[in-house]
Every structure is written in structure tokens, then in C-alpha cells.
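What follows is one structure encoded as C-alpha cells, with my remarks underneath.
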Amino acid sequence: MDESIWELIVKMFSEGLDAEEQDRLQQWFLEHPESWIKSGILQKARLVLIHDLDEERRQAMIAKVKQRIQEEATAENAVLQDTRTGSFWQKGKTLVWGMLGAVLIIGVGITWWVHTQGNRHSAEKVWKTISTAPGVKSMISLPDGSTIWLNAATTLKYPETFSNSMREVFLTGEAYFKIVHRTHQPFVIHTREMDIRDLGTEFNVRAYPDEDFTETVLISGAVAIKLHEQQGKDQLIYLKPDQKIIFRRRHAETPAEPASPQKPLKTLPAPEQEQVKLVPLQPLADHLIPEIAWKDNQLVFEDESFVELAQRLQRWYGIPFHIESEALAHQRFTGRADNVSLTQLLQILQKIKPFRYQITDTAVFIQSFTP
């Protein structure tokens, strides 16, 4: 085996790989599927089991890895027998990818999972919680020098002191992260639907409980994402700069709460959409990126129903919206408003679709316009 490959494997289990190194190792395992078991996976896996794991959990993890290796070894023998008939690729293609997936799960997943679980169950941590009210945005600096911008109606939970092996925070809402990268001390953001691991980046995470999706937008650097509900799979998804991942909850599981109308609104049949989708960012003509415009107090909405837009406006201006017309609630809007008052924004929306509105001390009422 090439000495440089050994170095990559060792680095994978110690400090982690950058995107280029990860690609190189993946390619090597694709080209040499018979060799990864011989690379000492089990022995090296022992080295990354952090000290605060109790012996029972440590042995359970080792047993799990050993069982996976034995299963792959049995499958490998079956495929090697098939090569005598010249059918390795047809019958072995699934195994090749399965072995690759196994090594990535073991190589990256164990270090992340073990560190995360070990830290998450630490009883010694003192946690801080910062919440922004609707209509309020905030910026905080963490002890490690990282900066986080919090959008309205957002809660961030983080430890008073990070552990030596992991920096982790919990997010509900939306935040923009500018993280100081530390290879030996990865930064992980936990949300309801996904965990995002920083690899030296600037990125935005949107995870509001009243929306049926969670979204991560990568501006620069790299992030690795683990989805909580990916059919029991533990593989990581890597984002490239100017790319975003959208994870949509199944509507039957957890429906989003619409902006509260006076009368319940019927939900229009939702078009079939991919549950997990990777899409490129599409900046506007002036290079403004809609997904992070909020950080500069710019509101950008693209083909959003009035119900969806009202959810954002409730957080943006800190006042509930009541849409009294079902037809108007499903009217779609596209536009942009830069640092405007609520009245100015409603006047902008009226030019797209006529309606009447009334602003009181406690709510905004939206009514259909009848000439």
C-alpha cells in the first residue's frame, strides 16, 4: 500500500481530512476495494475512542465495528469467487460501494459520533442559552473567536467552555456562522433535522420549528452534514461553496404551523418534492444572496405564498398576521424590501396583489380587496 494512503487513513482517524484528501481516499478505496479491511481499521478505530467513554460503551463500539468488518469480509470472499467467472463488476458493484460506505461510516462517522455522544452526555458542562425575540436580531462572539449572527425568533444553546475534543451548539431558528476552524476541535451545530460539522467555513442554517424544512447554505469553505432521518444511514453529505442542502419533513409527520388566520385555511395539495435536495445558490443581479440577505436587514422573498411569507413577517416584525381570505392566503409573492417599515412593506405587497390591511397594537389583519 502507498505510504501516503496510510498517512491519509491515520489522519482520517485523528484530525480529519480536508475535501481534497477525502476525495483522494474515496477514489483509492474505489480502485482497491479488497484492501481497506487490511488497512487496520479496527486497530486505528481504538485510538479515537475518547477518554470519557465508559468501558461498556467503548467495548460496544469496538464490537459494532468488528461485526461490520466481518460482514464485509464474508461478502468480499463471495465476490472474489465470482471473479473467476469474469462477473466481478456486475455482481460486485454493490459490494464495492457498500465497502466504501462502510469505511466512510467507520472512518468519519465513528470519530464524529463517539465525540458527539461523549460530549453530549457530559454532566459537567454549564450551558448558556441566547434567544432573540420576534423582530430582533443579534450577534454574539464565542470564546473561540467564532462569530454567530442570530435571526429573529432564534435560540442558540452552547457550553460556557468547549471541551478539548469538540465544540458543539444547538440551534432552533436561523443563524449565520463564521467559524474559526480548528482541525483537532471540530465545530458541530445540532438542529432538529441535521447536524452540521464545520470544516472551516461561513454558512447559514435555517431550522425554524414552524417550517417544514431545514436548510444549510454554504458560502465558503466546507461543511459535512449528517441527516437524522436518512433511512437509518449514517453517511455524511459534503457541501461545496455556493451550494445549499434542503431537507423537507414529511407533511404527515410534522406539519408546519401557518400564520394564524381567523378561520382555518384549507391546505392546497403540495407538489411532490424531494426530501433531500442539493441545489446551487442563485445570487441576484447585484450579487445579493437571498438566503443570507436577512443578515443585512434585507428581506427577499421568491414565489412564496402569503401564508409562508406571513410566517417570516411575524418573526421579522414581531407581530402576528391574520389572513382572512383563503384565496389571498395562497396568493404567491416575489419581491425584495431593504430595511423598510411594516407599513412600507405592506404597501409594496399591495402592488403585487391588491388587498386591505389593518395594523393594531396586537396583530396585522389582511383582508381581500373588493373594488
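Values below: every heavy atom of this structure, side chains too, minus hydrogens, waters and symmetry copies. Each residue takes its place number in the sequence, starting with 1. All of these numbers come straight from a predicted model, not from anything done at the bench.
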I would like to know whether Ile225 and Arg197 meet side-chain contact (heavy atoms from CB on, under 4.5 Å); could you show each step before the answer? CA-CA 6 Å; Ile225 293 172; Arg197 175 172 174 167; over 6 Å; no

Kindly work out whether a path of hydrophobic side-chain contacts (I/L/V/M/F/W/Y, heavy atoms less than 4.5 Å apart) joins Ile348 to Val300. no

For Gln344 versus Ser341, what's the shortest heavy-atom pair and its separation? OE1-N, 2.8 Å

What are the two closest heavy atoms between Tyr238 and Leu236, and how far apart are they? OH-CD1, 3.8 Å

For Phe177 and Phe203, take the angle between the two ring planes, folded into 0 to 90°, and tell me which bin it lands in: parallel under 30, tilted 30 to 60, perpendicular over 60. parallel

May I ask you to check whether Trp127 and Phe170 place their ring centres under 6.0 Å from each other? yes

Run Glu211 and Arg206 through side-chain contact (heavy atoms from CB on, under 4.5 Å) and show every step you take. CA-CA 9 Å; Glu211 295 180 329; Arg206 180 170 169 178; 2.7 Å; yes

Looking at Asp242 and Lys240, is there a salt bridge between them, counting it only when a charged N and a carboxylate O are closer than 4.0 Å? no

So for atom CD, which belongs to Gln347, do other residues, nucleotides or ligands contribute more than 12 heavy atoms lying within a distance under 6.0 Å? yes

Decide if atom NZ of Lys295 counts as having more than 12 heavy atoms of other residues, nucleotides or ligands within a radius under 6.0 Å. yes

Write down the atom of Gln367, the atom of Leu328, and the distance for their closest heavy-atom approach. O-CD2, 3.8 Å

Less than 4.5 Å apart, side chain to side chain, heavy atoms only: is that true for Asp198 and His181? yes

Hey, does the side chain of Gln185 reach the backbone of Ser163 with a donor-acceptor pair shorter than 3.5 angstrom? yes

Students often mix this up, so state it plainly: with edges at 30° and 60°, are the rings of Phe187 and Phe162 parallel, tilted or perpendicular? perpendicular

Looking at every heavy atom in both Gly221 and Leu218, which two are closest together, and how far apart are they? O-CD2, 3.6 Å

